[in-house]
J.: 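A single structure is presented below for examination.
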Amino acid sequence: MKYDFSSVEKKWQKIWDEQKTFRAEDDHTKPKFYGLVEFPYPSGHGMHVGHIKAYSGLEVICRKRRMQGYNVLFPIGFDAYGLPTENSAIKFGVHPRQITDENIVKFTNQLKSVGFSFDWSRVVDTTDEDYYKWTQWIFLKMFENGLVFRDKTMVNYCPSCKVVLSNEDSQGGKCDICHSDIIQKTKEVWYLRITEYADKLLQGLKEVDYLPNIKLQQENWIGKSTGAFVDFRIKEYDESLKIYTTRPDTLYGVTFMVIAPEHPIIQNHRDGISNIDALDEYKSECAKKSEFERTQLVKDKTGVKIEGLTAINPVTGKEIPIYISDYVMMGYGTGAIMAVPAHDTRDYEFAKKFGIDIIEVIKGGDISKEAYTGDGEMINSGELNGITNKKDAIAKMLNILERLGCGEKGVQYKMKDWAFNRQRYWGEPIPIIHCPNCGMVAVPYDQLPLKLPEVKDFKPGTDGESPLAKIDDFVNCKCPKCGGNAKRETDTMPQWAGSSWYFLRYCDPHNNSEFASKEALEYWMPVDWYNGGMEHVTRHMIYSRFWHKFLYDLGLVPTAEPYAKRTAQGLILGSDGEKMSKSRGNVVDPNDVVLEYGADVLRLYVLFMGDYEKAAPWQEQSIKGCKKFLDRVWALQDMVVDGNEYSDDLKSSIHKTIKKVSNDIENLKFNTAIAALMTLINEIYAKKSITKGELKTFITLLNPFAPHMTEEINELMGYDVPLSSTEWVSYDEAMCVDDTIEIVAQINGKVKCKAVISKDAPNDEVISLVKSDEKIIEATQGKSIVKEIYVPGKLVNLVVK
RNA sequence: GCGGAUAUGGCGGAAUUGGCAGACGCGCUAGAUUUAGGUUCUAGUGUUAAUUCGUGCAGGUUCAAGUCCUGUUAUCCGCACCA
């Protein structure tokens with residue numbers, strides 16, 4: 001009987017849909033498991049095989065958890081605000097709402113066609129009024145609590161199109177649309193004070209189970225550094241220039257200072273600077289580069305010396321020049337640095353180019369050739385001379401600075417506050433009103449959601465305004481405080497907003513009075529296991545942890561951390577080994593695979609193709625192996641003999657397979673779990689028969705991977721209870737241990753022969769057995785055995801001379 | 001430049017974490033079945049004349065290294081020159 005995957009898969013998908021098989025239960029007394037995958041952005045291209053791989057991992061784990069008796073919440077939704085939708089709306093003149101709805105339908109059908117066991121009653125759509133009402137609500141709570149502020153920033157601006165552009169749309173300093181030169185323009189924008197949570201975000205990592213490299217990336221992103229703030233007196237004025245350094249120990253080696261071109265001290269003393277024109281020109285040249293580009297142009301340091309401002313090194317009392325250069329950023333530290341050319345590569349390059357003194361203060365390198373950044377004995381450093389330990393040197397210097405009253409210990413974070421706005425239509429409107437009398441006023445909570453108004457033209461407004469700015473009905477309003485005429489904020493929130501709390505909404509998605517009820521949150525939170533892409537472990541995860549921690553501080557969520565565990569899957573590359581992309585033309589559409597091979601084969605293949613956590617290229621040929629395997633599983637039905645027991649010659653293998661599959665699934669080692677099932681089926685084929693009980697175990701183990709076929713076999717075997725409600729199989733540890741073991745005999749580490757021994761044979765017996773082997777005798781002839789090593793159950797190694 | 005990773009047969013990848021390198025799958029070879037092709041089944045398949053050599057490259061530690069250490073090269077991903 002040939003397997004008709006198409007009709008069988010449709011049959012079971014219909015049953016799951018109609019019987020709501022995978023709904024999370026509201027019974028809060030059962031043990032729960034909350035498995036979360038990153039919800040997709042419903043793009044017009046439809047799903048990507050990468051989505052299938054990303055979801056298949058936790059899919060297998062969630063199906064297994066249900067079989068283990070857990071009440072499982074495995075939700076899905078759509079992160080639907082974003083530029084691509086808006087751009088196609090502009091291009092085709094269709095409302096983004098319509099495009100989004102169409103795409104969501106498309107994605108839903110595709111996800112269902114793969115048979116994912118999502119709880120479809122809890123779908124969340126970030127662009128839904130009932131959802132973004134609460135996104136705005138949380139934003140207002142942050143506003144109330146002083147975490148929202150306005151400040152200036154530099155944005156990529158196209159003077160020809162008169163719009164603000166993203167970094168992506170302004171690569172190479174050219175506008176993506178009209179190809180004219182981008183300039184950096186100052187604009188006042190919204191910020192969320194995420195830096196206030198920097199330390200909490202860092203500390204919180206101690207209590208969660210994330211992969212070590214994920215933790216490391218988050219730590220590096222937060223980037224806590226301890227150092228010192230030091231004040232350098234300006235000779236010409238009664239003021240000082242504050243810098244931040246992580247290496248206060250090198251203060252004696254400071255021979256110049258560098259400040260960011262935008263540093264306010266220049267504006268404050270324009271009259272006293274003789275070469276102000278040159279500085280202005282340099283500054284405007286820098287304005288053409290984005291911050292990222294500034295980081296790229298490391299090859300050649302540029303800068304201009306400020307004529308008219310001289311700093312004084314607080315410890316040596318020497319006068320030192322001040323330069324402006326774009327390798328110093330206004331956005332980190334104080335926008336000014338003390339330069340120690342002998343011990344900092346960037347400062348070294350700069351000093352070489354401008355002919356500035358280089359003073360060695362740490363022994364160990366050759367500063368005539370390059371900067372020495374290692375440790376060593378302090379020299380040329382007054383009181384610090386002779387200290388060899390960096391920590392001690394820093395401590396001593398901090399003492400000196402304190403005594404001189406010109407410096408103190410300081411902590412800096414790389415992390416910047418979160419620029420929380422976009423000048424675009426398709427996003428959550430920021431619920432703030434600008435009143436000429438009262439300033440910034442929150443939209444009252446009872447007026448939420450502040451709905452996105454209907455517009456005809458979604459194009460960005462000119463002069464960097466949002467399209468909403470063109471709608472008078474929306475903009476003009478009354479101030480909720482004083483009742484006077486006021487104007488609404490017209491910026492919308494960035495795409496990251498909606499995804500910063502979606503996991504909370506899943507707990508109670510239809511609640512109209514709260515973002516989620518306390519009971520639901522207390523039962524379901526935290527997320528037990530979150531899996532997603534490596535590209536989201538910094539931004540999305542840090543942003544959402546920040547929102548969650550904020551809500552925790554308000555007592556609105558029960559746990560300090562949202563995600564108890566986080567893993568990440570590797571990319572699926574194209575068959576050419578390159579990243580899949582439209583432009584390379586190597587994209588695989590999961591639909592095609594479902595149509596040609598079936599959903600079970602697709603699911604199996606994405607998990608079998610390689611280590612789940614590593615990137616692997618798509619190989620059309622290899623899919624056939626998975627197809628063949630499932631065909632062999634189907635054909636097992638022709639070999640069934642009666643009996644619910646495991647037969648003697650398969651017993652041990654079955655127990656071992658149960659153990660391996662069970663453990664491998666927990667460790668995301670799906671490829672080896674599947675390989676173990678393949679090995680077992682090879683054994684069954686060699687034997688040409690399988691008992692009913694053995695087959696039942698086999699399809700139970702395979703069910704999370706290939707649910708359609710296994711449910712069908714289960715039904716054909718006459719079982720009333722579907723596998724989805726069947727208990728996961730257990731194994732007997734004693735059955736996994738063999739009575740006899742094969743050990744290896746080595747001479748000087750090279751394998752010479754093998755021997756089969758009983759599992760509890762004493763050491764002496766094993767060694768003498770090995771020594772009596774012909775090959776060993778031959779190899780040891782005329783030589784003396786210097787050492788005998790026996791690793792129980794593994795090998796014997798004889799060292800001979 | 002900084003940060004994170006990766007490198008094993010013709011290919012995708014295994015290797016219980018220092019103990020038989022190449023599980024499992026693809027591909028390939030031969031045989032069986034089939035009118036033929038496909039499918040399916042069976043056997044073989046790193047390399048070598050070898051008891052040889054073999055996990056990007058060069059060293060080192062060890063009785064024993066894909067695995068640990070030092071250096072190095074290449075590729076991929078992320079980035080905010082992080083002082």
J.: Taking the same atom, P, in G10(B) and in U47(B), what whole-Å distance lies between them?
T.: 7 Å
J.: Check every strand shown and say whether Tyr413(A) touches a base, only sugar-phosphate, or nothing at a heavy-atom separation below 4.0 Å.
T.: nothing
J.: Expressed as a whole number of angstroms, how long is the span from Ile789(A):CD1 to G18(B):P?
T.: 17 Å
J.: Consider the side chain of Thr246(A), meaning its heavy atoms from C-beta on, and name the nucleotide among C24(B), U42(B), A83(B) that approaches it most closely.
T.: A83(B)
J.: Heavy atoms under 4.0 Å, any strand shown: does Ala676(A) hit a base, just sugar-phosphate, or nothing?
T.: nothing
J.: If we take the P atom in both G9(B) and A23(B), what is their distance in whole Å?
T.: 13 Å
J.: Among A80(B), G27(B), C63(B), which nucleotide sits nearest the side chain of Gln621(A)?
T.: G27(B)
J.: Would Tyr543(A) and Ser499(A) count as a side-chain hydrogen bond (donor to acceptor under 3.5 Å, both in side chains) if you check the C-alpha gap in whole Å, the side-chain angles of each, and the deciding distance to 0.1 Å?
T.: CA-CA 9 Å; Tyr543(A) 292 158; Ser499(A) 59; over 6 Å; no
J.: Could you tell me how far G19(B) sits from G25(B) if I compare only their C1' atoms? Round to whole Å.
T.: 27 Å
J.: Taking all non-hydrogen atoms of both residues into account, name the closest pair between Tyr731(A) and Cys736(A) and its distance.
T.: CD1-SG, 4.0 Å
J.: Which whole number of Å gives the distance between the C1' atom of G1(B) and that of A80(B)?
T.: 13 Å
J.: What nucleic acid atoms does Val744(A) come within less than 4.0 Å of, heavy atoms only: base, sugar-phosphate, or nothing?
T.: base
J.: Scan Leu216(A) against the nucleic acid and name what it touches under 4.0 Å (heavy atoms): base, sugar-phosphate only, or nothing.
T.: sugar-phosphate
J.: Write down the partner of A5(B) under the Watson-Crick or G-U wobble criteria, each distance required to be under 3.5 Å.
T.: U75(B)
J.: Indicate whether OP1 or OP2 belonging to C79(B) is found under 4.0 Å from a side-chain N or O atom of Arg539(A).
T.: yes
J.: How many whole angstroms separate atom CZ of Phe670(A) from atom P of G13(B)?
T.: 17 Å
J.: Taking only side-chain nitrogens and oxygens of Lys414(A), does any of them come within less than 4.0 Å of OP1 or OP2 of A80(B)?
T.: no
J.: Given atom CG of Asn667(A) and atom P of A14(B), what is their separation to the nearest angstrom?
T.: 13 Å
J.: For nucleotides U72(B) and U6(B), find the distance between their C1' atoms and express it as a whole number of Å.
T.: 16 Å
J.: How close or far is atom C1' of U39(B) from atom CZ of Arg632(A), stated in whole angstroms?
T.: 13 Å
J.: Since syn is defined as within 90° of 0, does U17(B) count as syn or as anti?
T.: syn
J.: Applying a 4.0 Å non-hydrogen cut-off, can you work out what Glu535(A) is touching in the nucleic acid: base, sugar-phosphate, or nothing?
T.: nothing
J.: Using Watson-Crick or G-U wobble geometry with both distances below 3.5 Å, tell me the partner of C24(B), or none.
T.: G12(B)
J.: Please figure out whether Met534(A) or Ser622(A) has its closest RNA chain B nucleotide nearer the 5' end.
T.: Met534(A)
J.: Relative to the ring of Tyr612(A), is the ring of Phe670(A) parallel (under 30°), tilted (30 to 60°) or perpendicular (over 60°)?
T.: perpendicular
J.: What's the gap between G66(B) and G18(B) when it is taken at their C1' atoms, as a whole Å value?
T.: 11 Å
J.: Side chains of Asn313(A) and Tyr252(A): do they bring a donor and an acceptor to under 3.5 Å?
T.: no
J.: Rounded off to whole Å, could you give me the CD-to-P distance for the Gln619(A) and C11(B) pair?
T.: 10 Å
J.: How many whole angstroms separate atom CD of Gln569(A) from atom C1' of C77(B)?
T.: 14 Å
J.: Say we look at U51(B) and U62(B): how far apart would their P atoms be, to the nearest angstrom?
T.: 30 Å
J.: Round to a whole Å and report the spacing from OH of Tyr790(A) to P of A64(B).
T.: 20 Å
J.: Would you mind telling me which of A14(B), A23(B), G19(B) lies closest to the side-chain atoms of Ala675(A)?
T.: A23(B)
J.: Is G31(B) syn or anti, taking syn as a glycosidic angle within 90° of 0?
T.: anti
J.: RNA chain B: Thr679(A) or Leu571(A), which has the more 5' nearest nucleotide?
T.: Thr679(A)
J.: Out of Ile681(A), Val601(A), Asn682(A), which residue meets the side-chain contact (heavy atoms from CB on, under 4.5 Å) rule with Phe629(A)?
T.: Ile681(A)
J.: Which of parallel (below 30°), tilted (30 to 60°) and perpendicular (above 60°) describes Tyr327(A) and Phe350(A)?
T.: tilted
J.: With a non-hydrogen cut-off below 4.0 angstrom, is Gln746(A) in contact with a base, only sugar-phosphate, or nothing?
T.: base
J.: Measuring only the C1' atom in each nucleotide, how far is C26(B) from A14(B)? A whole number of Å is fine.
T.: 15 Å
J.: Heavy atoms under 4.0 Å, any strand shown: does Asn220(A) hit a base, just sugar-phosphate, or nothing?
T.: sugar-phosphate
J.: If you only use heavy atoms from C-beta on, which nucleotide in A80(B), G13(B), A14(B) is closest to the side chain of Trp221(A)?
T.: A80(B)
J.: Please give the nucleotide sitting opposite U17(B) as a Watson-Crick or G-U wobble pair, both distances under 3.5 Å, or none.
T.: none
J.: Please give the nucleotide sitting opposite A32(B) as a Watson-Crick or G-U wobble pair, both distances under 3.5 Å, or none.
T.: U40(B)
J.: Could you work out which one of A80(B), A83(B), U6(B) sits closest to the side chain of Val328(A)?
T.: A83(B)
J.: Any side-chain N or O of Lys628(A) below 4.0 angstrom from OP1/OP2 of C26(B)?
T.: yes
J.: Rounded to whole angstroms, how far apart are CG on Asp611(A) and C1' on A15(B)?
T.: 13 Å
J.: What do you reckon, are the aromatic ring centroids of Tyr191(A) and Phe420(A) less than 6.0 Å apart?
T.: no
J.: From A83(B), C24(B), A80(B), pick the nucleotide closest to the side chain of Tyr244(A)?
T.: A83(B)
J.: Can you identify which nucleotide, out of A7(B), G12(B), C79(B), has its nearest atom closest to the Lys614(A) side chain?
T.: A7(B)
J.: Looking at Arg566(A) and Glu38(A), is there a salt bridge between them, counting it only when a charged N and a carboxylate O are closer than 4.0 Å?
T.: yes
J.: What is the nucleic acid contact for Asp631(A), judged by heavy atoms within less than 4.0 Å: base, sugar-phosphate only, or nothing?
T.: nothing
J.: Could you let me know what U70(B) is paired to, Watson-Crick or G-U wobble, both distances under 3.5 Å, or none if it's on its own?
T.: A58(B)
J.: Of Lys409(A), Met397(A), Met338(A), which is the lone residue that meets side-chain contact (heavy atoms from CB on, under 4.5 Å) with Pro248(A)?
T.: Met397(A)
